[in-house]
Amino acid sequence: MSLREQLLHAIDALPNSRLAIVLRFVDSLSGQPTKTTARSFLAHLQTLNAWSGDDLQDCLEAVENSQGSARFDYGVNPFD
């Protein structure tokens, strides 16, 4: 069995909840950047069964509403 056939067989055996992880990994290998958003990250947590509770939508809205621009002050070093 060729390597390609082995991969296809392994992918066919995966549950649907793991296919998104495989796709992101393959995309990362091909050099195609994927855009990560709060919504996609929280959706990913759901697929891993790592999210507990029923407040996903509330948390997602809080994250989206709190996004802002980051500012860095490189002129001040508190350790000097």
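None of the values given here were measured: they were computed from a predicted structure. Heads up: numbering here begins at 1 and tracks the sequence.
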Inset, instruction - Report the residues that fulfil side-chain hydrogen bond (donor to acceptor under 3.5 Å, both in side chains) with Gln6, sequence neighbours left out, ordered by chain and then residue number. - result: none
Inset, instruction - Would you list the pairs meeting side-chain hydrogen bond (donor to acceptor under 3.5 Å, both in side chains) in which at least one residue belongs to residues 8-21, sequence neighbours left out? - result: none
Inset, instruction - Under 4.5 Å between side-chain heavy atoms, chaining through other members, with only Ile, Leu, Val, Met, Phe, Trp and Tyr counted: pull out the rest of the cluster around Leu19, sorted by chain and number. - result: Ile11, Leu14, Val22, Val26
